K.L.:
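After the structure tokens below, expect a handful of questions from me.
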Amino acid sequence: MMEIAQREFVYLWYYFTIQLDQILPYWALGILIGSTISVFGKNRIHSLLTWIQDKRLGALGVIPASALGIASPLCMYGTIPIAASFSQKGVRDDWLAAFMMSSVLLNPQLLMYSAVLGKTALVVRLISCFVCGAVAGLCVRFFFNGKSFFNFSGFAEQANRDTDPNLAIRLLKNIWRNVRVTGPYFLVGIALTALFQRYVPQEAVAWVFGGFGESGGRKGFGILMAAALGVPLYACGGGTIPLLLDWMNKGMGMGSAAAFMITGPATKITNLGALKIVLGARHFSCYLVFTLCFAFVTGAIVDVLV
């Protein structure tokens, strides 16, 4: 019995170290890029959204708003107070919806992590998250025109923690905060991936998440499964990258991966908790329906095009 346990430990440790060696450089580079943007570019990125409100872009304003949401390094609990301050300055709700939606789905750090999944997955994630933000903004513009969509009462912009007068120390402190926050999820994700690699057959992953094949029904089932599993499995972007990499290597279709990359961060429990406060029950339900529908449609389109 002891020999079996030792052998299994050796196998799991082998899978763990393989994943760690493969993903660690992307995680470290993502931390560095995210912290650099947070320390030196965050205020500039956020001030741009206030600046473009004077350009009278109308519906087209959702395009820069969605792009700025992706560029913002803040989590949702940091984004909401920023959005509240934008709202007080007169930024439209549709632009705020685009900014917040894309910010939920992607940030510079997670974008760098995703590079390990390959060029195709990286481009799919970037484009789908950008389009999701823009479409969310357009939905708010055309379906809730003239009505208040958000309730930011009680939210105030958080104090900036990157205040050390020494820029190098300021950057190092931000890097250390990011390591402390994302590191445990990163290691748990790799550990779960090692378990999947050891005990879940490749055929099972390919069957559940298979991409476009002879059966359109099977393809749709794979996308639905990926979208559904994104809800309970997603705890942190960095933690799910190892899982996604393993699933894709075992036959997960790109459309299923795209659906997972939408529903995962959009339904992350901490993000839902924050959004429920500012949306209210009715608008929160609209958000969930929109997320699931967009994820499925995106997955289906990606499976056809890629």
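None of these values were measured; they are calculated from a predicted model.
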K.L.:
Given side-chain contact (heavy atoms from CB on, under 4.5 Å), test R180 with R177 step by step and report yes or no.
P.N.:
CA-CA 5 Å; R180 284 188 303 166; R177 283 202 302 271; 3.5 Å; yes
K.L.:
Look at the side-chain heavy atoms of Ile, Leu, Val, Met, Phe, Trp and Tyr, link any pair under 4.5 Å apart, and say whether L172 and W27 land in one connected group.
P.N.:
no
K.L.:
Tell me if the aromatic rings of F186 and Y113 count as close, with their centers under 6.0 Å from one another.
P.N.:
no
K.L.:
Could you give the side-chain donor-acceptor pairs of residues 286-298 under 3.5 Å, partners two or more places apart or in another chain?
P.N.:
unit_1	atom_1	unit_2	atom_2	d
Y287	OH	A266	O	2.7
T291	OG1	Y287	O	2.9
T298	OG1	F294	O	2.7

K.L.:
How close do S102 and A65 get, heavy atom to heavy atom, and via which atoms?
P.N.:
OG-O, 4.2 Å
K.L.:
Quick one: does N151's side chain get under 4.5 Å of V278's, heavy atoms only?
P.N.:
no
K.L.:
What are the two closest heavy atoms between L105 and I262, and how far apart are they?
P.N.:
CD2-O, 3.4 Å
K.L.:
Kindly compute the distance separating CZ (R125) from CE (M254), expressed to the nearest 0.5 Å.
P.N.:
11.5 Å
K.L.:
Could you please spell out the steps behind the side-chain contact (heavy atoms from CB on, under 4.5 Å) verdict for N107 and I70?
P.N.:
CA-CA 5 Å; N107 57 52; I70 291 174; over 6 Å; no
K.L.:
Is there a donor-acceptor pair under 3.5 Å between the side chain of S47 and the backbone N or O of R44?
P.N.:
yes
K.L.:
Any heavy-atom pair between the side chains of P242 and L192 that's under 4.5 Å?
P.N.:
no
K.L.:
Is the shortest heavy-atom distance from the side chain of F99 to the side chain of V91 under 4.5 Å?
P.N.:
no
K.L.:
Just verifying a value: how many Å separate L20 CG and I190 CD1, rounded to the nearest 0.5 Å?
P.N.:
4.5 Å
K.L.:
Counting distance only, does the side-chain N/O of N249 pair as donor-acceptor with the main-chain N or O of L245 below 3.5 Å?
P.N.:
yes
K.L.:
Would you confirm whether S38, through its side chain, and P73, through its main-chain N or O, come within 3.5 Å as a donor-acceptor pair?
P.N.:
no
K.L.:
Under the salt bridge (Lys or Arg N to Asp or Glu O under 4.0 Å) rule, what pairs show up with a residue in residues 4-23, not counting sequence neighbours?
P.N.:
E8-R198
K.L.:
Indicate the ring-plane relationship of F260 and W247, choosing parallel, tilted or perpendicular according to the 30° and 60° boundaries.
P.N.:
perpendicular
K.L.:
Between S35 and N178, does any side-chain donor sit less than 3.5 Å from a side-chain acceptor?
P.N.:
yes
K.L.:
Does anything in residues 91-115 form a salt bridge (Lys or Arg N to Asp or Glu O under 4.0 Å)? List the pairs, not counting sequence neighbours.
P.N.:
R92-D94, D94-R141
K.L.:
Quick one: CE on M100 to OG on S66, what's the gap to the nearest 0.5 Å?
P.N.:
13.0 Å
K.L.:
Do F144 and H283 make the cut of ring centroids closer than 6.0 angstrom?
P.N.:
yes
K.L.:
Can you give me the closest heavy-atom contact between L243 and T193, atom names plus distance?
P.N.:
N-OG1, 3.2 Å
K.L.:
Contact between I241 and S114 at the side-chain level, heavy atoms closer than 4.5 Å - yes or no?
P.N.:
yes
K.L.:
More than 12 heavy atoms of other residues, nucleotides or ligands under 6.0 Å from CZ of F143: yes or no?
P.N.:
no
K.L.:
What's the separation between atom OG1 in T36 and atom CD in Q109, rounded to the nearest 0.5 Å?
P.N.:
10.0 Å
K.L.:
Output yes when a side-chain donor or acceptor of W95 lies under 3.5 Å from a complementary backbone atom of G58, and no otherwise.
P.N.:
yes
K.L.:
Given S256, which of L244, L224, I223 fulfils the side chain to side chain contact (heavy atoms under 4.5 Å, CB included) condition?
P.N.:
I223
K.L.:
What is the minimum heavy-atom distance between L122 and A115, and which atoms define it?
P.N.:
CD1-N, 4.0 Å
K.L.:
Hey, could you give me the CG/OG distance between L96 and S103, rounded to the nearest 0.5 Å?
P.N.:
11.5 Å
K.L.:
Over all heavy atoms of both residues, which pair between F16 and L187 is shortest? Give the atoms and the distance, please.
P.N.:
CE1-O, 3.9 Å
K.L.:
Passes side-chain contact (heavy atoms from CB on, under 4.5 Å), M261 versus S128? Steps please.
P.N.:
CA-CA 9 Å; M261 289 187 288; S128 62; 5.9 Å; no
K.L.:
Hydrophobic cluster membership, with links at side-chain heavy-atom distances under 4.5 Å among I/L/V/M/F/W/Y: are L32 and I169 in one?
P.N.:
no
K.L.:
Is there a donor-acceptor pair closer than 3.5 Å between any side-chain N or O of T263 and the backbone N or O of A259?
P.N.:
yes
K.L.:
On a heavy-atom basis, which atom in L275 and which in I80 lie closest, and how many Å separate them?
P.N.:
N-CD1, 4.2 Å
K.L.:
In Å and rounded to the nearest 0.5 Å, what is the CG to CG distance from L126 to L110?
P.N.:
11.0 Å
K.L.:
Is there a side-chain contact (heavy atoms from CB on, under 4.5 Å) between L57 and I63 once you walk through the steps?
P.N.:
CA-CA 10 Å; L57 298 177; I63 295 175; over 6 Å; no
